[in-house]
Amino acid sequence: MMDKIAILDFGSQFAHLLANRIRRLGVYSEILDPSVNSEILSEYKGIILSGGPASVNDPNSPKISEKIFELGIPILGICYGHQIIMHALGGEVKKGLACEYGLTDFYVRESCGVLSKLNVGHYKVYASHFDSVVKIPKGFKVIGSTQDDPFSATANEEKNIYTLQFHPEVTHSNGGMKILDAFVDITGAKREWSIEKFIEMEISAIEKKVGKKKVFLLISGGVDSSVTYVLLARALGHERIHAMYVDTGFMRKNETEEIQAFLAEAGVENLHTFDAKERYFKALKGVIDPEEKRRIIGDLFLEIQREVSAKLGLNPKEWLLGQGTIYPDTIESGGTKNADKIKTHHNRVPEIETLIKEGKIIEPIKELYKDEVRMVGRTLGLPDKMVDRHPFPGPGLAVRCLCLEKPDTIDLDLDAGEYKATILPLKSVGVQGDERSYRHPVALEGDANWNKLRHQAPTITNVYKEINRVIYTLALKNGESIETLSVTPSTLSKDRVALLQEVDKLVMDKIYKIDGNKQVWQCPTVLLPLSVNCKGGESIVLRPVSSKEAMTANFTELPWDELNSLAREILEIEGITAVFYDITNKPPGTIEWE
Ligand code: XMP
């Protein structure tokens, strides 16, 4: 048996990210419900208590058994985990005294315990909390603090219990990996986890789960489903997998042909392509609401899968349905016990949830993040050009083509410093705290200066709760500045998707050309039914982001001259009246607009 670290999940968006970080440190980790029996926990080398949205003073908040403190196993509490430990052992937690949200200046007072790999001094860390510890229990000492929170990091070295108010697992936390690394050292857990080991274990798990059955796999040509195919093929052989690619009509320009070639190269046999373009356009006719679009697309995937199964005579008793779901798909769909729904990913619609409960779905990489999926792909010998492809959402361009019946306006007087600000009469999805938001974007005009814009965008989204996204005006077809803004009532039509495909192709060709060092993780191009200073026509938003696992992301600061020339090229395309650049990080804006 491998050494393992247990992660008790109190409903944090970051619990699995924590598991990912521990795996990256070479240790196997497992996510457990906080109500787990302490006898089970005694088999683990260390226990991490995650964050979560609850408040320890609320009688209904999730609890832990105090027996875990008697197991003699090293414990690390993070955010809610920090508060619950302090509360349980005789400290005190109060509401709203020192809320912190985002990057905070953390001071290491003593370089010991989980902070032993950091020097005494200042570090930027990511914190997000309303409650704070105001008194620590006996036996504990403060080893770090922030300006608003004197008890930000505590230690009881004798019992090996450590607590942190901030999130070391979030990429933006400076020194976060060193903290987790120090905790792993304290637990003494052997660093035995590796991608090779994962592959080996997953192959035997697949063999066990599938038994004598076969797998019908929905494949998209992206990294996730291709890696899933190869893993399944290693375990079961090509003959026991039937792969189907559904062409929804919302793929990038020429992508279906490229994907077919890619998949053949990756060894995919038995690929069945299903042309569903007409059906998708019909099903989505007149639909405006983003969640409604997502639901229809997800349901239609399943309907087609059922039809094809019936036609091919795939008896459900002999077949499982395979999906290339990865972890962020689950968490953002509200798929864990206490998480909020940000958006429904196509592989997490209610019907799929039912099939999962019935044991009819197999998802070999559902615990992994993209960085790990890529490592698995590379180890299994998939070509780089496939492993390094940008992620592309299942619903494709359908969620990048915004639809509107009429303008959705608000009356708000917004101060954007030296920039001219125009609030757009439409909304897009965002994620704030651990919750979904659906709010207005604001367009800025003025100095093309990353230093200023990087500062200005979060200032606006922090101050105005009606705004969750900020875009910068790169170029206008007519006029020097935004004067008139009108909504062209639009739904998902073939013409609009074709227009978006045209622009998207220009954008992607440019991005692949100028992004040699792969700063860009993904680059959605979004079509808005907005005409600027023109009669009729639409607008484009470019959304290149840099990210590690899509849970958080920063907008990418590409060279201005390249962006300006790209914007000019886009304006040459008939029907485009303005080109914007999304300068919102995630949070508060999600990567996709819908
Ligand atoms: P957001 O927009 O939530 O996206 O910041 C996070 C990542 O997930 C991708 N995405 C999807 N992937 N099915 C998918 O397979 C979906 O329904 C879906 N929606 C968003 C998105 O492109 C980004 O990489």
Side-chain angles (χ1 to χ4, degrees), residues 13 16-17 217-228 245-246 248 250-252 259 280 284 290-302 322-335 339-350 352-353 363 365-366 368-371 373-374 388-402 427-432 434-439 441 468-469 504 508 520-526 541 543-556 582 584-594:
Q13 297 270 340
H16 272 72
L17 192 53
L217 176 70
L218 295 175
I219 201 164
S220 69
V223 194
D224 305 341
S225 53
S226 308
V227 168
T228 302
Y245 166 73
V246 179
T248 58
F250 304 127
M251 306 306 286
R252 296 191 136 130
I259 284 172
Y280 269 94
L284 288 160
E291 274 297 290
E292 177 79 0
K293 271 189 197 168
R294 286 177 165 271
R295 191 187 55 73
I296 294 172
I297 294 170
D299 285 351
L300 194 48
F301 261 118
L302 275 181
Q323 295 201 119
T325 311
I326 64 170
Y327 195 69
D329 301 347
T330 316
I331 184 80
E332 298 213 329
S333 303
D340 193 32
K341 184 205 270 188
I342 311 298
K343 55 183 72 160
T344 310
H345 284 218
H346 69 288
N347 41 16
R348 276 292 174 271
V349 292
I352 288 277
E353 300 284 5
E363 299 178 313
I365 55 170
K366 68 170 185 302
L368 301 188
Y369 279 87
K370 197 68 124 201
D371 56 339
V373 178
R374 291 199 163 120
D388 291 332
R389 291 189 81 184
H390 285 185
F392 189 67
L397 300 181
V399 290
R400 296 179 178 174
C401 197
L402 268 63
K427 287 182 179 149
S428 81
V429 177
V431 54
Q432 279 155 308
D434 276 349
E435 287 165 29
R436 175 190 207 262
S437 70
Y438 190 50
R439 295 177 188 159
N468 64 357
R469 206 178 275 278
D504 178 74
M508 292 313 292
V520 180
W521 148 278
Q522 177 178 25
C523 180
T525 295
V526 186
V541 184
R543 172 84 172 128
V545 290
S546 304
S547 177
K548 288 238 155 29
E549 28 31 31
M551 294 297 288
T552 55
N554 287 342
F555 70 91
T556 316
D582 195 330
T584 324
N585 294 335
K586 173 184 179 179
T590 44
I591 295 175
E592 305 287 348
W593 274 50
E594 293 200 325

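Along the sequence shown, the residues carry numbers beginning at 1. Order of appearance sets the numbers: ligands from 1, and atoms from 1 within every ligand.
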K.L.:
For a 4.5 angstrom cut-off between non-hydrogen side-chain atoms, does Leu17 reach Lys548?
P.N.:
no
K.L.:
Atoms of ligand 1 less than 4.0 Å from Lys586 heavy atoms?
P.N.:
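That gives atoms 1 (P), 3 (O), 5 (O), 6 (C) of ligand 1.
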K.L.:
Quick one, Gln522 and Glu592 - any side-chain contact, counting heavy atoms below 4.5 Å?
P.N.:
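Yes, their side chains come closer than 4.5 Å.
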K.L.:
Are any of the N/O atoms on Ile591, whether in the backbone or the side chain, positioned under 3.5 angstrom from an N/O atom of ligand 1?
P.N.:
yes
K.L.:
Out of all atoms in ligand 1, which are within 4.0 Å of some heavy atom of Pro395? Include the element for each.
P.N.:
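Contacts of ligand 1 toward Pro395, numbered from 1: 13 (N), 16 (C), 17 (O).
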K.L.:
If you define the side chain from C-beta out and look only at heavy atoms, does anything of Phe250 sit under 4.5 Å from Val399?
P.N.:
no
K.L.:
With only distance considered, is Ala550 within less than 3.5 Å of ligand 1 through an N or O on each side?
P.N.:
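No, there is no polar N/O contact under 3.5 Å.
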K.L.:
With a 4.0 Å cut-off on heavy atoms, is Lys370 touching ligand 1?
P.N.:
no
K.L.:
Could you pull out the closest heavy-atom pair between Ile591 and Pro524, with the gap in Å?
P.N.:
CG2-CG, 4.0 Å
K.L.:
I'd like to check whether Arg400 has a polar contact with ligand 1, where a contact means an N/O of the residue lying under 3.5 Å from an N/O of the ligand.
P.N.:
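No, there is no polar N/O contact under 3.5 Å.
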K.L.:
Which atoms form the tightest heavy-atom contact between Cys523 and Asp504, and what is the distance?
P.N.:
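What the structure gives for the nearest pair is O-OD1, 4.5 Å.
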